[in-house]
Amino acid sequence: MSKLETLLAEKGVLLADGATGTNLFQMGLTSGDAPELWNVDEPEKIKALHRAFVEAGADILLTNTFGANRHRMKLHKVEHRVVELNAAAARLARAVAEEVEREVLIAGSIGPTGELLVPLGALTYEGAVAAFAEQIEGLKAGGVDILWAETMSAPEEMQAAAEAAKGSGLPLVISASFDTAGRTMMGLTPKALTEVTSTFACTPTVVGANCGVGASDLLATILQLSEANPEAIILAKGNCGIPVIQGDKVVYSGTPELMETYAHMALNAGARIVGGCCGTSPLHLAAMRKALDSHTPGPRPTLDDIIRDIGPLNSPPNENAGEGRGGEGRRGRRRG
């Protein structure tokens with residue numbers, strides 16, 4: 001049994017951390033710069049963010065490696081540093097986890113390559129597997145406990161990540177981002193996610209959803225995931241409310257109180273790992289920790305309950321929608 005499964009068995013539910021990107025921007029990261037370079041250039045700032053999440057009660061820290069694959073790093077002319085940057089990120093998170101006596105697990109964040117796979121783009125399946133394997137090599141060298149593929153959209157890319165993870169000896173999380181009409185940008189529905197991941201070379205220990213278009217929509221997705229596979233360990237890592245443009249800044253509308261309510265509803269919807277994505281600060285995460293610690297199981301929420309307590313849906317639910325691949329291009333959203 002993996003450390004992840006052991007800790008889940010002990011605690012019942014786990015709290016993953018909050019946003020990386022939006023919090024690093026608050027710490028001085030400039031738009032267009034690669035956050036992953038801070039693993040070497042600004043290690044104390046990365047550790048400070050991890051430490052703030054641990055102090056807020058996180059059971060799982062995600063490494064600052066969302067875009068640390070050769071294709072994204074090529075945009076910054078540092079594709080030759082993939083293993084170095086991933087290993088450095090894992091060591092920073094591990095160092096913070098070891099500052100506390102309780103168990104805090106380190107999850108190696110693996111985002112999309114940012115490329116479209118053949119036939120829609122130039123990246124071959126084998127090329128995607130190689131890119132993910134290189135990233136995983138660095139994450140393992142740094143000592144992660146979990147491989148955490150997140151904000152995924154294309155089933156072929158998820159499959160490539162799973163193939164790269166095969167034989168790693170680490171549990172795999174597959175988390176998709178559901179945006180347009182309750183689908184991923186490549187047309188995958190929540191039900192289809194549970195079906196397709198069961199066929200991967202490395203069967204995920206956890207499946208779930210992160211990012212997307214808002215906390216309400218993510219909760220609707222969790223309802224569909226848990227209905228499609230009631231036995232699955234499900235992750236809910238929603239954005240902190242809805243993004244609002246204020247001047248030259250993007251501000252997320254979710255208050256700590258709203259995210260506390262979201263955490264309660266996520267558990268009642270079937271999630272066993274709950275966290276926050278874009279806009280989620282340590283303050284929000286502390287409120288979510290409070291929710292997990294005080295939670296009394298309640299009835300499964302309805303869409304009306306979600307809309308009443310969290311806010312309106314930004315895309316219609318798609319329980320009856322057919323599966324298929326959409327034609328939209330996507331470069332892959334940065335986590336947080």
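Positions are given from 1 along the sequence.
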**Message:** Side chains of Thr113 and Glu157 only: does a donor on one sit below 3.5 Å from an acceptor on the other?
**Reply:** yes
**Request:** Flag yes if Val83 and Phe132 sit in one hydrophobic cluster, no otherwise; membership is Ile, Leu, Val, Met, Phe, Trp, Tyr, and two members link when side-chain heavy atoms are under 4.5 Å apart.
**Result:** no
**Request:** Kindly state each residue pair satisfying side-chain hydrogen bond (donor to acceptor under 3.5 Å, both in side chains) with at least one member in residues 87-97, sequence neighbours excluded.
**Result:** Arg94-Asp145
Without placing hydrogens or testing angles, list every side-chain donor-acceptor pair under 3.5 Å for residues 42-56, not counting sequence neighbours.
{"from": "Lys45", "atom 1": "NZ", "to": "Met27", "atom 2": "O", "distance (Å)": "3.3"}
{"from": "Arg51", "atom 1": "NE", "to": "Glu99", "atom 2": "OE1", "distance (Å)": "2.9"}
{"from": "Arg51", "atom 1": "NH2", "to": "Glu99", "atom 2": "OE2", "distance (Å)": "2.8"}

**Message:** Starting from Val13, can I reach Val207 by hopping between I/L/V/M/F/W/Y residues whose side chains sit under 4.5 Å apart?
**Reply:** no
**Message:** Test of understanding: clusters of I, L, V, M, F, W, Y form through side-chain heavy atoms closer than 4.5 Å, transitively. Do Ile222 and Ile310 belong to the same one?
**Reply:** yes
**Item:** Sequence neighbours excluded - salt bridge (charged side-chain N to carboxylate O under 4.0 Å, His left out) pairs with any residue from residues 120-134
**Value:** Arg70-Glu134
With a cut-off of 3.5 Å and sequence neighbours excluded, list every side-chain donor-acceptor pair involving residues 158-172.
{"from": "Glu163", "atom 1": "OE1", "to": "Tyr125", "atom 2": "OH", "distance (Å)": "2.6"}
{"from": "Ser168", "atom 1": "OG", "to": "Ala165", "atom 2": "O", "distance (Å)": "2.8"}
{"from": "Ser168", "atom 1": "OG", "to": "Leu170", "atom 2": "N", "distance (Å)": "3.2"}

**Item:** salt bridge (charged side-chain N to carboxylate O under 4.0 Å, His left out) partners of residues 270-289, not counting sequence neighbours, each pair once
**Value:** Asp59-Arg289, Arg289-Asp293
**Backbone of Met73 reached by a side-chain donor or acceptor of His76 within 3.5 Å** = no
**Asked** Can you check whether Ala34's main-chain N or O pairs, donor with acceptor, with Arg72's side chain at less than 3.5 Å?
**Response** no
**Nearest heavy atoms of Thr63 and Ala93, plus distance in Å** = CG2-CB, 4.3 Å
**Spacing of Ile106 atom CD1 and Leu4 atom CG [to the nearest 0.5 Å]** = 12.5 Å
**Message:** According to salt bridge (charged side-chain N to carboxylate O under 4.0 Å, His left out), does anything in residues 73-83 pair up with another residue at least two apart or in another chain? List the pairs.
**Reply:** Arg81-Glu84
**Prompt:** Are Leu283 and Met288 co-members of a hydrophobic cluster defined by side-chain heavy atoms under 4.5 Å apart?
**Reply:** no
